[in-house]
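Since the structure comes first, as structure tokens, the remarks are kept for the end.
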Amino acid sequence: MHANLRSFMEQLRQHGQLIEIDAPVDPNLELAEIHRRVIQEEGPALLFTNVKGKTFPVVTNLFGTAERVDMAFGPKPETIVKDLVHGLDKLMPPSLSGLWELRSPLLEVMRTGTKTVSQGQAPVTQVSTTDVDMTALPALTSWHLDGGPFVTLPLVYTEHPETKQHNLGMYRIQIYDKNTTGMHWQIHKGGGFHYYEAEKQNRSLPVSLTIGGPPALILSAISPLPEMVPELVFASLVMGDKLKMVEVPNHPHRIVADAEFVFAGEVPPHVRRPEGPFGDHFGYYSLTHDFPVFQVKQMFRRKDAIYPATVVGKPRQEDYYIGEYLQRLLSPLFPVVMPGVKAIWAYCETGVHALAGAIVRESYYKEAMAHAFRIMGEGQLTLTKFLMVTDVPCDLANFRNFMEIVLARFQPERDLLIVNDTSGDTLDYTGRKFNHGSKGIMLGIGDPVRELPKEYKGEGIPNTSRIQLFCGGCLVISGPSFEENPQFGEEILPYVNEHCKEWPMICIVDDASIANDQSQFLWTVFTRFDPAHDLYAKATISRNKIRYEGPLVVDARMKPFYPDEVETHPDIAKLVDQRWKEYFPK
């Protein structure tokens, strides 16, 4: 597929999927709002050629539809993965006939990797300097409470100080000044592991920050790959060709030859600086916290470099479409890596890590729980906050149907496990403490134990203003605000245990109309509760076993200690309204 950003942009242009905006646009808030409106309408990629105060054009919304994601990566990677997985039995043990049958995907794998090219063959080295000015980049300030401009498609490359095993990750970069940025290394992420090892030895960690290049690099950087799978090799597999790298002076890493920009430098040990706030893909602001600092020493770029950017926020944004593609691509590998796990789906509407669903094997009592433990201990899946599991084949992406399958089989006394006091996603503040939280596992296995109600026929639940059905067995109710009554979830337990026994799950929210839309339900409910704090059920303790009974009540109201939702500033909304015909004159 595409060896660089320009190849992909040309394909988009030929298919009418790229529009140039020549009107002057401010990278501070204005550009991001234009992007958000276009992606909401599933519109084209946008090339801003006149960015105020900057010399580089900006391209956004490259991956804002499923169609463009398929154009970026093509069908071949999915075919190769499926063929290899389906053919594994032919290689156990290896035989000439088995190898011959798998010759096509095996040849593709053998072509993967990197190759070093000369500087004359590396467009990124056309301009280089040690007089670096990161503030010259047209980096976006996407939301009005953001701490400043951020690089939003950063490809951060590091190597383990001892083993030299590499990591390519997407860790946001806040630009502080000409030579200094933040380095948002979250827990559970490979670059952070490398820095941890370097810092133990009181050593700086060399870093290469790539912007632009083959689209496959972006896919690889955010993929939840097993640690033994190198990201650059995976990118090469998606490209269908070797990834070109070039050696540069005074930096220990080769850099991507076809990138638009590369910034080389190091992250010193034991240095921290406040980073944030930032309106992130959870749809809220992640707050200011101390993070490591990237000291930039060299810049390499194309002479006519284009700056690619994205905007994150409430779903659906570009990361949603890339996430769905990744799940299709990697799903055949789950049964290989985790035998007994037939399918997994992480819900991008919840910020990915807040909720996952799984289909597993249940050949003996509670085997499903063993598979749930395995899932929760695998790579980035360890960040999963709530996991719902069944042994019934179904389409996990259809969450309403999946939830009905689980709820029809869910027996709270045996099928609900809450794990208190664990690490949590850095961007998830429901756990009441930074990087801390809890986890929940909910099983729905075997034969149905109840017929799910599809209509609420009871009287109004006390102190609720609205009651709606999300799916069979799940009610959504508008309760009083959390400020008015923090204990409302606990207070209604006696009532729902007496009058709503047939409803296995009841979700308390601020506005029950979110039940009308699957995406809104997923985003609202699963980004606003912590299992240990916000799940309520009648419970008894018997020999160290908590036995839950009756309906499970989920308090998914906004709490006053949660960060703010991301919202467009009214002045920016008004500005974009007024200038819309300037951006799109035809």
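Reckoned from all heavy atoms, side chains included, excluding hydrogens, waters and symmetry mates.
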So that I can tick it off, tell me whether [Y] and [X] are bridged by a salt bridge, with the cut-off set at under 4.0 angstrom between side-chain N and carboxylate O.
{"X": "R432", "Y": "D534", "result": "yes"}
{"X": "R557", "Y": "E483", "result": "no"}
{"X": "R6", "Y": "D304", "result": "yes"}

So, [X] versus [Y], ring centres under 6.0 angstrom or not?
{"X": "Y325", "Y": "Y320", "value": "no"}
{"X": "H184", "Y": "F291", "value": "yes"}
{"X": "F300", "Y": "F263", "value": "no"}
{"X": "F521", "Y": "F470", "value": "yes"}
{"X": "F278", "Y": "F150", "value": "yes"}

Kindly assign one of parallel, tilted or perpendicular to the pair [X] and [Y], based on the angle between their ring planes and the thresholds 30° and 60°.
{"X": "Y285", "Y": "H144", "answer": "perpendicular"}
{"X": "H251", "Y": "H253", "answer": "perpendicular"}
{"X": "Y347", "Y": "F402", "answer": "parallel"}

Next on the checklist: Please evaluate residues L232 and H166 with respect to the criterion side-chain contact (heavy atoms from CB on, under 4.5 Å), reporting the C-alpha separation (whole Å), side-chain torsions for both, the decisive distance (0.1 Å), and the verdict.
Outcome noted: CA-CA 8 Å; L232 297 189; H166 78 252; 3.4 Å; yes
Pairing donors with acceptors under 3.5 angstrom, does anything connect the side chains of [X] and [Y]?
{"X": "N61", "Y": "E318", "value": "no"}
{"X": "T527", "Y": "Y284", "value": "yes"}
{"X": "D425", "Y": "Y429", "value": "no"}
{"X": "R68", "Y": "Q17", "value": "yes"}
{"X": "Q11", "Y": "H2", "value": "yes"}
{"X": "T426", "Y": "N435", "value": "yes"}
{"X": "E20", "Y": "T49", "value": "no"}
{"X": "E42", "Y": "T65", "value": "no"}

I want to check a possible cation-pi pair here: [X] against [Y], using under 6.0 Å from ring centre and within 45° of the ring axis as the test.
{"X": "R273", "Y": "Y176", "result": "yes"}
{"X": "R528", "Y": "W523", "result": "yes"}
{"X": "K385", "Y": "F529", "result": "yes"}
{"X": "R328", "Y": "W345", "result": "no"}

Checklist entry - Name the one of H35, E41, E33 that satisfies side-chain hydrogen bond (donor to acceptor under 3.5 Å, both in side chains) with R37? => result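 Of all the options given, the one that passes is E33.
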Next on the checklist: S7 vs E10, test: side-chain hydrogen bond (donor to acceptor under 3.5 Å, both in side chains). Steps then yes/no.
Outcome noted: CA-CA 5 Å; S7 168; E10 182 57 32; over 6 Å; no
Checklist entry - Stepwise, does the side-chain hydrogen bond (donor to acceptor under 3.5 Å, both in side chains) test hold for T125 with R301? => result CA-CA 6 Å; T125 61; R301 68 168 176 86; over 6 Å; no
Checklist entry - With a cut-off of 6.0 Å (strictly less than), are more than 12 heavy atoms of other residues, nucleotides or ligands near NZ of K52? => result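 Enclosed: over 12 neighbouring heavy atoms sit under 6.0 Å from NZ of K52.
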Next on the checklist: Can you confirm whether more than 12 heavy atoms, excluding those of D131, are under 6.0 Å from its CG atom?
Outcome noted: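 Atom CG in D131 is not packed in, count stays at 12 or less.
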Item to check | Residues F561, T430; criterion side-chain contact (heavy atoms from CB on, under 4.5 Å); working and verdict | outcome: CA-CA 9 Å; F561 42 84; T430 60; over 6 Å; no
